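To start, the structure itself, in structure tokens.
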Amino acid sequence: MRTLLGRPELGSVVGAVAVFAFFALTADSFLRAASLSTVLYASSAIGIMAVPVALLMIGGEFDLSAGVLVTSSALVSSMVSYQMTANVWVGVAVSLLVTLAVGAFNGFVLTRTRLPSFIITLGTFLMLTGMNLGLTKLIGSTVSTKSIADMDGFPAARAVFASTLTVGGVGVKVTILWWLALVALASWVLLRTRAGNWIFAVGGNREAARAVGVPVTRTRIGLYMGVALGAWISGQHLLFAYDVVQSGEGVGNELIYIIAAVIGGCLITGGQGSAVGSAVGALIFGMTSKGIVFAEWNPDWFKFFLGAMLLLATLLNAWVRKRAEATR
């Protein structure tokens, strides 16, 4: 019991069970296989980004540019492929390099200037928002990209990033597999590698970690590049699922990623959290967003429920943490 109370994701698991039971009772179609598949898809769309964002928060930092970086990744891939009339995989590769460079930029500026990550990534957020719109209109004269559906490599890229698999007669989006793979990889890194120890140490006490030989600078830059990798995966899904990309998308999603991580047990101050917790937080988001639809409620109330979940999960996590400390 002491070990269980010490798990940071315990509060989110209790909350997820409560949300599931609530919508199972109030929405007749919620328990259908197709409905649950839709819930998992909505959860994976958030969860792919919530995992690296959770690792970054465990390391004691924020990234307010994560939402628009997803759109930037999709725009780069689309416009490079279209303008070069090349195989779409060329655009995908260039997008990966550009997206990772943005993540490295955030981490590098953070470590060199010692400014708060809030200020640095807010600046990156504003720059990317302007570049997404400005470059898209400059190159294509519209606020959206041109269709690349007829270009070489598109079917293969769609199969990797946006396909639908049939399992037991139910369509399952490939993003769910990407999400589960990222959760497994991040959990292994956190719990079974030196890098995981470094992340917890940097988030707990940066100066003490540096004093015992933890490569603080490299760890922080690596965490931002991890967020960039998640943004690249999400961006490619966005592009190959819908063929074209709107340059104004993604604004505000960074808060949803942070909310999912906090609901999953990550502390705002760093040093505590888990990849599994972020996945549960994303699952709560998916169940709430789709459960309201299945229950035929007014979707205008969604943000209210999401805010309530955030407060309740934070209070529950704090209570669990105090109980765990009291039993030591």
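Fair warning: this is a prediction, and the values are worked out from it, not measured in the lab.
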Taking the ring of Y41 and the ring of W178, is the distance between their centroids below 6.0 Å?
no
Using a cut-off of 6.0 Å, state whether more than 12 heavy atoms not belonging to R32 lie near its atom CZ.
no
Mind telling me whether H237 and Y242 have parallel, tilted or perpendicular rings, with 30° and 60° as the class edges?
perpendicular
Is there a donor-acceptor contact under 3.5 Å linking the side chains of T164 and K173?
yes
L69 versus A228, closest heavy-atom pair with distance
CD2-CA, 4.0 Å
Taking atom types as modelled, is there a side-chain donor on N132 or S72 under 3.5 Å from an acceptor on the other?
yes
Residue pair F161 / T175: nearest heavy atoms and the distance that separates them
O-CG2, 4.0 Å
Is M131 reachable from L239 through a run of hydrophobic residues whose side-chain heavy atoms are each under 4.5 Å from the next?
no
Heavy-atom pair with the smallest gap, counting every atom of S77 and S81
O-OG, 2.8 Å
Which pair of heavy atoms, one from W232 and one from S95, lies closest together, and at what distance?
CD1-OG, 3.5 Å
Cluster overlap Y224 with F62, hydrophobic side-chain contacts below 4.5 Å:
yes
Scanning both residues in full, the closest heavy-atom pair of G286 with A42 reads CA-CB, 4.2 Å
Side-chain atoms of residues 244-266: list all donor-acceptor pairs with protein atoms under 3.5 Å, sequence neighbours left out, distances to 0.1 Å.
unit_1 : atom_1 : unit_2 : atom_2 : d
S247   : OG     : V143   : O      : 2.8
E254   : OE1    : G252   : N      : 3.4
E254   : OE2    : G252   : N      : 3.2

May I ask you to establish whether K146 and Y82 are in a cation-pi arrangement, using a distance under 6.0 Å from NZ or CZ to the six-membered ring centre and at most 45° from the ring axis?
no
When F20 is tested against each of L36, V39, I284, L283 for side chain to side chain contact (heavy atoms under 4.5 Å, CB included), which residue passes?
L36
Name every donor-acceptor pair, under 3.5 Å, that has one atom in a side chain of residues 147-158 and the other anywhere in the protein, sequence neighbours excluded.
unit_1 : atom_1 : unit_2 : atom_2 : d
S147   : OG     : A149   : N      : 3.4
S147   : OG     : D243   : OD1    : 3.2
S147   : OG     : D243   : OD2    : 2.6
R158   : NE     : F240   : O      : 2.7
R158   : NH2    : F240   : O      : 3.0

Exactly one of I48, L96, T99 should register a side chain to side chain contact (heavy atoms under 4.5 Å, CB included) with L229. Which one does?
L96
Under 4.5 Å between side-chain heavy atoms, hopping through other hydrophobics if needed: is there a path connecting V167 to L40?
yes
Residues T26 and A295: closest non-hydrogen pair is O-CB, 4.3 Å
Residue M127 excluded, over 12 heavy atoms near CE under 6.0 Å
yes
